[in-house]
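Accompanying notes for the structure given below.
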Amino acid sequence: MKTKTNLTDWTRSAAWVSTSNFAEGIPYVAVMTLSLIMYKNMGLSNTDVTLYTAWLYLPWVIKPLWSPFVDVLMTKRFWILAMELIIGATLAGVAFTLPTSFWLQGTLCFFWLMAFSSATHDIAVDGFYMLGLDQQKQSVFVGVRSFFYRVSMILGQGALVMLAGKWQEETGRTAYSWGLVFYLMAAVFIALFAFHAFILPHPAEDSMKEKTNMSDIMKELGETVVTFFRKPQVVAGICFMLFYRMPEGLLVKISTLFLLDDAASGGLGLTEIQLGLVQGTVGVVGLVAGGIIGGILAGIYGLKRCLWPMVCAITLPDVVYVYLAYALPSNLLIVNICVFVEQFGYGLGFTAYMLYLIYYSQGSHKTSHYALCTALMALSMMIPGMVAGALQEAVGYRTFFLIVMACCVVTFIVASYVKIDADFGMKKKQ
């Protein structure tokens with residue numbers, strides 16, 4: 001009987017851990033990827049598409065400013081359920097406003113609300129994971145969390161894009177097709193809300209704090225910021241966090257638009273179904289594979305020894321888009337191979353970036369400092385993304401991708417100034 005109880009407890013834990021992390025990924029994909037493709041389909045210019053969608057990074061940039069309030073106001077279980085309900089409503093809101101005359105203003109409004117709700121949901125889920133599981137389960141379910149987040153990425157960037165493309169081919173109505181996709185996601189989120197209302201435990205530690213003195217919260221937030229900027233190598237560290245991914249920040253949005261644009265505009269002219277396969281499936285698999293191999297290599301050799309190979313990995317494969325822009329291959333296999341190579345390199349090189357955030361956050365206020373690091377990470381993608389579309393339309397795809405390759409020099413420069421302990425990241429021998 002005891003074994004049965006333990007098994008049931010583990011099954012219940014696995015159920016809410018997997019679905020809550022799946023729920024983290026879907027709105028992020030909707031805000032960062034689906035909005036980009038949808039606005040392109042709706043006829044916006046590349047300048048407008050990248051500018052509007054880049055601003056949607058802002059909630060993740062300023063997330064550390066309100067995360068302390070999530071910790072003390074209401075329970076994390078409450079925040080999870082409330083945000084899932086709001087996210088479901090905003091997904092339906094996007095679908096509802098698409099066929100209207102004010103579709104741009106309406107969808108942007110709902111995407112903004114979705115982005116803030118998603119960022120808050122991230123804070124609550126990550127905190128609840130620490131409260132709802134003991135140390136053994138936390139270790140066991142680390143892989144489960146990552147796996148189901150990746151599943152949501154493949155579903156969002158792959159299957160949902162392909163579904164939107166299929167419905168567009170059948171109906172010839174762009175707004176109607178994308179509306180159906182967002183209504184479908186809204187239904188999934190309402191189901192997740194209902195499931196989590198039933199399955200999420202009520203940890204004793206997840207209770208409202210007796211004292212919610214705002215002045216104390218602001219004082220601690222101020223201390224966190226001050227100590228963050230007093231760390232050794234603060235200038236080199238912040239420059240690394242802001243500029244290491246500059247080429248990718250320029251490339252990430254334009255690459256999707258390039259794959260969609262027709263040959264007359266300098267693009268490859270893929271359909272949404274083909275795009276879902278190339279970027280949402282093959283690309284995500286390459287990204288995950290690169291991340292896994294990067295983690296293994298860092299565990300064996302340490303971050304310091306892996307840094308320069310990973311710098312090369314995150315920058316040099318960007319040259320595949322120079323090739324694609326000049327060759328304009330019609331063979332989908334070639335396009336898939338190029339995107340896989342670029343995403344694999346990005347996944348490998350991104351490992352160094354994430355490990356450096358952990359390295360920089362060491363010491364007192366470790367959790368809060370890591371949150372500030374992730375804010376700089378979001379800012380590093382937001383700023384290049386805002387100008388990418390205007391730059392591309394000014395110079396064309398071919399010159400734009402050459403500029404991306406030139407910006408790789410910045411990545412090498414900021415990496416040369418950071419100093420890392422020789423054994424950091426290496427798996428310690430037992």
>> Working note: Val235 + Tyr417, criterion side chain to side chain contact (heavy atoms under 4.5 Å, CB included); need CA distance, chi angles, decisive distance, verdict.
In response: CA-CA 9 Å; Val235 175; Tyr417 281 97; over 6 Å; no
>> Let's go through Leu184 and Leu160 carefully: what are the C-alpha distance in whole Å and the side-chain angles of both, what is the deciding distance for side chain to side chain contact (heavy atoms under 4.5 Å, CB included) to 0.1 Å, and is it a yes or a no?
In response: CA-CA 9 Å; Leu184 177 62; Leu160 292 178; 4.3 Å; yes
>> Let's go through Met32 and Met381 carefully: what are the C-alpha distance in whole Å and the side-chain angles of both, what is the deciding distance for side chain to side chain contact (heavy atoms under 4.5 Å, CB included) to 0.1 Å, and is it a yes or a no?
In response: CA-CA 11 Å; Met32 294 301 166; Met381 298 298 284; over 6 Å; no
> Could you walk me through whether Arg150 and Leu287 pass the side chain to side chain contact (heavy atoms under 4.5 Å, CB included) check?
Replying inline: CA-CA 10 Å; Arg150 296 306 179 190; Leu287 179 68; 4.2 Å; yes
>> Would His196 and Thr19 count as a side chain to side chain donor-acceptor pair (under 3.5 Å) here? Give the steps.
In response: CA-CA 8 Å; His196 288 155; Thr19 53; 2.7 Å; yes
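No donor-acceptor distance shorter than 3.5 angstrom exists from the side chain of Ser118 to the backbone of Met114, with no hydrogens or angles considered. The main-chain N or O of Pro384 is never found under 3.5 Å from a side-chain atom of Lys253 such that the two would form a donor-acceptor pair. Distance alone, capped at 3.5 Å, is enough to place a donor-acceptor pair between the Ser380 side chain and the Met377 backbone. Put simply, the side chain of Gln362 gets close to the backbone of Tyr359: a donor and an acceptor are under 3.5 Å apart. Judged by distance alone, with hydrogens and angles left aside, the side-chain atoms of Glu342 form no donor-acceptor pair with the main-chain N or O of Val320 at under 3.5 Å. With hydrogens and angles disregarded, a donor-acceptor distance shorter than 3.5 Å links the side chain of Ser18 to the backbone of Ala15. Looking at Thr33, its side chain never comes within 3.5 Å of a backbone N or O of Ala30 through a donor-acceptor pair.
Looking at Thr256, Asn46, Asp48 one by one, the single match for side chain to side chain donor-acceptor pair (under 3.5 Å) with Lys40 turns out to be Asn46. The only member of Val404, Ile403, Thr411, Val409 that meets side-chain contact (heavy atoms from CB on, under 4.5 Å) when paired with Cys407 is Ile403.
Inter-residue side-chain proximity for Thr351 and Leu297 is flagged as unmet; no heavy-atom pair is nearer than 4.5 Å. Ile37 places a side-chain heavy atom less than 4.5 Å from the side chain of Trp178. Looking at Met241 and Tyr244, their side chains never come closer than 4.5 Å, going by heavy atoms from C-beta outward. Contact of the Tyr149 side chain with the Tyr28 side chain is registered, since non-hydrogen atoms from C-beta on lie closer than 4.5 Å. Within the 4.5 Å cutoff, the side chain of Glu24 has heavy atoms near those of the Asp126 side chain. Here the side chains of Thr50 and Leu257 are in contact, with some heavy-atom distance below 4.5 Å. Proximity of Ile123 to Trp79: side-chain heavy atoms (C-beta onward) are nowhere separated by under 4.5 Å. Proximity of Tyr57 to Leu379: side-chain heavy atoms (C-beta onward) are nowhere separated by under 4.5 Å.
Counting all heavy atoms, side chain and backbone alike, Gly25 lies closest to Ser152 at CA-OG, 3.2 Å. For the pair Ala378 and Val61, the tightest heavy-atom approach, listed with the atom from each and the gap, is CB-CG2, 3.7 Å. Closest of all the heavy-atom pairs between Ser35 and Thr53 is OG-CG2, 3.5 Å. Contact record, Asp318 with Cys408: OD2-SG, 4.2 Å, taken as the closest heavy-atom pair. Pairing each heavy atom of Val341 with each of Pro317, the nearest pair is O-CB, 3.8 Å. Between Gln157 and Val284, the shortest heavy-atom contact is NE2-CG2, 3.6 Å.
Using cut-offs of 30° and 60° on the angle between ring planes, the pair Trp308 and Phe412 is parallel. The aromatic rings of Tyr346 and Phe350 sit parallel, their planes meeting at an angle under 30°, below the 60° perpendicular limit. Ring geometry, Phe344 versus Phe340: the interplanar angle falls under 30°, so the pair is classed parallel (tilted spans 30 to 60°). Taking the six-membered ring where the residue is Trp, Phe240 and Tyr353 present parallel rings, their angle staying beneath 30° rather than reaching 60°.
Rounding to the nearest 0.5 Å gives a distance of 9.5 Å between OG of Ser361 and OH of Tyr356. To the nearest 0.5 angstrom, Met382 atom CE is 9.0 Å from Leu56 atom CG. Atom CZ of Phe189 is separated from atom CZ of Phe22 by 8.0 Å, given to the nearest 0.5 angstrom. Remark: Arg245 CZ to Ile314 CD1 distance equals 7.0 Å, nearest 0.5 Å. For the atom pair Leu332 CG and Leu270 CG, the distance stands at 6.5 Å (nearest 0.5 Å). Summarising the geometry, atom CD1 belonging to Ile238 is positioned 4.5 Å from atom CZ belonging to Phe229; distances are rounded to the nearest 0.5 Å.
The aromatic ring centres of Phe228 and Tyr360 sit less than 6.0 Å apart. Checked against the 6.0 Å centroid threshold, Phe96 and Phe110 do not count as a close aromatic pair.
Counting heavy-atom neighbours within 6.0 Å of Trp55 CH2, excluding the residue itself, gives a total of 12 or less.
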